[in-house]
Each structure stands twice: as C-alpha cells, then as structure tokens.
Amino acid sequence: MLNELIDAIHAYLPDEDCTLIEKAYRFSSLAHTNQKRASGDTFFTHCLSVAEILAGIKIDTATIAAALLHDVLEDTAITPAQLTDEFGTEITTLVQGVTKISSYHFVDQEMAQAENWRKMLLAVTRDIRIILIKLADRLNNMRTISFLPPDKQKRIALESMNLYAPFAQRLGMYRWKSELEDLSFNVLQPDEYRCLHDAWEQREESHEHHLKDWIKLLEDVLSPYEIPFRLSARPKSLYGIYKKMERQHKAFPEIQDLIGLRLITDTVANCYALLGLVHTHWSPVENTFTDYISVPKINMYQSLHTSITGPGKVLAEIQIRTEEMHKRCEYGIAAHWRYKNHGAKIVSGVTTAEEIDQKLDWLRQVLEWQDELKDPQEFLSAIKTECTFEQVFVFTPQGKVIKLPEGATPVDFAYAVHSDIGDHCFGAKVGDKLVPLDYHFHSGEICEILTRKNVHPTKHWLEFAITAQARSRIRRFLRENEAKG
Ligand code: MN
C-alpha cells in the first residue's frame, strides 16, 4: 500500500525523494495501532486514504506526509513536540492546523454564517494546504459515513453540504465539491436521493447508448479538420440534477440534457474553431451558449458551453476548453501550487511578472478576500499559501461567528453581538478564563460577554474599543448622559 502511494506521487513528481512519506507512513501506522474505524477497518486505512486523495490532486509531499499524520495529535498520545522532532515544523504546523479545525463544530445553516466560517477557518489556519487536507479528510469520512449512527451522519453531512462543498468550489475543486454534495444529499434527503438514483439507473442503459452515439458522431465530424482534440464524458452529479429539477420546476423525465461531453483541445483559437464546427453541424439550443473563455467565472473557470440537439432529439451539453483550463478545473487551487515546486515556466511556457500577477489575481478572486489581504507584494511572497489577514473571527457561545478587525476587544465583540449587550458589559470569558475588557482576540476563540443592568459605557472604553460601531455607541451613551447629568 505504501508502494502504491509512492508510485502515485512519482507519477507527477518523478524525482521526488519519498523517504519522508515512508517515515510518516510507519510513524502513523504505529501510532494508530489497535485503533479501529466505525467500519471495523484499522484506523490507519483512513489516514492512507486521505493521503491518496491528496496525491490525486498532485500536491507536494509535505502535504501528503501531513495527511498520513493528520490524526496523530487528536487521536493518539503523540505530542506536537515529538512530531516536530521527527518531521520538522512545516509538517507539524499542517497537522496542528487540521487538528484545530476538527475541534470546531459548524452548527449554523445560514449561508452568510457559512461564509464567515470559511473565512474563519482560513484565518485560523493561514495555509490553504491545511484546508485541502481537511477537505480530503472530510471526503473520506463522507465515503464511509454509513457506519456512523444516524444523528452523527446528519450533522456531518450538513456541515459537508453547507461548509465544505462550497469551500471546495471556491478553491476550484469541482470533483471534490460534487462528490461531497452527492454523498451529503444521500444522507440529508434519502428519499429524494433514492428516487433520483433509481430513475437514473433505469435510464442508464439508454444513456450509455446515446453517449456512445454522440461520441461517434462528434469524432466523425471533427476528425477530418486536423484540430487536435479528445472527448470525455462528464461525470454525472445527482445533486446537480436535483438542483436543476428544482430550478426549472421539472420532474426527472423532463430533464433532457443529461449527456455531458467535454471537448479538450490545445489552444483557445482551437476551442472557438471546434465550437464553430459543432454549430455548423448541429444547431444550438436557444440561450444555451455561454462563453466563459472570454468572460471567466469568478474562480477563473473557463470553457465554452453549448447545448445541441442530435438524432432522436437527444440533447448534448458540450463544454469546450484547453488542456490548461481543464487542469485548472480538475485540480483547482492545487494546480497553482506547482509554481512553487517547479517554477512557472513548465506550466505555461513564458512567465512574466504580469502573468504571475494574473494568477495571483485569480487566487485573490477565488478567495474573495482581496480587501483583507495586505499589499500585493506581500501576497506574492506568500504564494506558498500563507495568507495574512487583518481580521479575527470570534465565536459566540451559540456558535455564531463574529468577524472583527485585528486588535478587537470584548467591548467591540459585545457591540457586534447586540448594542444592549455592549451597553451593559462588565466582563468577558474566553474559553473558561476571565479576560479584561481590553483583551485582544485571536481567531477561533469563543467569547461569552458578562452583563449587568447597572453597568454602563465609560470614557475609558474609548481607549481600546476599535470598531466604528462600538465607538459610536459609546460616544452616544456618554453624550446623552452628559446632557442628562
Ligand atoms: Mn481524519
């Protein structure tokens, strides 16, 4: 099993020294000896699966070693100091990050809260590779979720659907996103899932048949033109179909365009050439053509989309893209890592500062946190993924995440929760400890504000409260009281 993992890594990093992987493999399997998963498998099979999932997106070996070790701090007696001694700080930091995320439990169903959660997780971890390990961990847990008790299944599936699947999408990890959605859909709406799954299976035979017909037709038509291309069928996503049915208010039999095909070629010019040929032979369905090459999606997704009608009125949804666009879709943010390891040259031929800026722009857009990042120069040096944030994310005891500027204090937090709480706060607890009102938060802390009816804002609070909201409320209170007094 170790050899399979190393072979998988050597397939994309041929010269990589995998001693570290071997060491992490032995260390982790020893540390988890005698531990079992709910499925009855040894616990270590889980660690190995997570490492394999990550090798699937061609990530660096430090991340894969950390994946093998990702549960040793949480589930065994191994200490961070021991881990640092054996594997150094980079891998230990990755493992500690994953362990920290595991200690949070996402409860909220509101989308705005989910967004705060995603930001919070990144702020806490400061390294996107930690999120990728966590996503792979979650993917493996979802694949084996049937062994858990139903209430636990529901909680984990809800978290996967509302928090991790959108996260995967933001990072451009489409395959992970779809799989997380389908697996969660099965747990959260078992009846709908079953229904759709059965309907799909009934159609599968004729579907395969239509698919073959379409592939043959397209090959026959396109081959004579000497434009390089390969065709691939798009994997189906049951949850995607379900969303489409909801969106279009249609039942499954009415959803026609399920044949998804991809045409992958070498250059942008050839994408348009292939599109022209496709449209010359089959007329496009009205309003289905979208050009995401000239107008990419916010996460830099690029492709031409069109739907055409073939023999027997069978619709095909076709995506046309270059190999590079395809790679970006398959590996998402991980596709950008390879800059770090191999230099940008290998990926795109020429590298100009402008091009790197473009890629970074992409990253910034994907993360949608441009305004929270420090200057671009700093971001450039942080291409190896450490992000710098100027915000902290603090939990209420109910699990709501409050976003605050760096240096924010319990008074700022209290006013962000509710002005009444701000007006009467006299103390704060972070975790189990009492902290002063001028305490500075760290992301991920849980804060409980203590209030008393007869406590009111004082001038002193203005010396440390930093949010505009808190400061204006404090001033207003002081002004009104002076007027009265
Ligand atoms: Mn795990």
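First listed ligand is number 1; within each ligand, the first listed atom is number 1. Each residue takes its place number in the sequence, starting with 1. Source: prediction; values computed, not measured.
Side-chain N or O atoms of S28 include none that pairs as donor or acceptor with a backbone N or O of Y25 at under 3.5 Å. Formation of a donor-acceptor pair under 3.5 Å by the E445 side chain with backbone atoms of H442 is found in this model. Within the 3.5 Å criterion, the main-chain N or O of L238 finds a donor-acceptor partner in the side chain of D182. Between the side chain of S303 and the main chain of H305, no donor-acceptor pair closer than 3.5 Å is present. Although no hydrogens or angles enter the test, the distance criterion places a donor-acceptor pair under 3.5 Å between the side chain of S184 and the main chain of L180.
Residue-and-atom listing of protein N/O/S atoms under 2.8 Å from the Mn ion (ligand 1), sorted by chain and number: H46 NE2, H70 NE2, D71 OD2, D137 OD1.
Here F441 and Y439 bring their ring centres to under 6.0 angstrom of each other.
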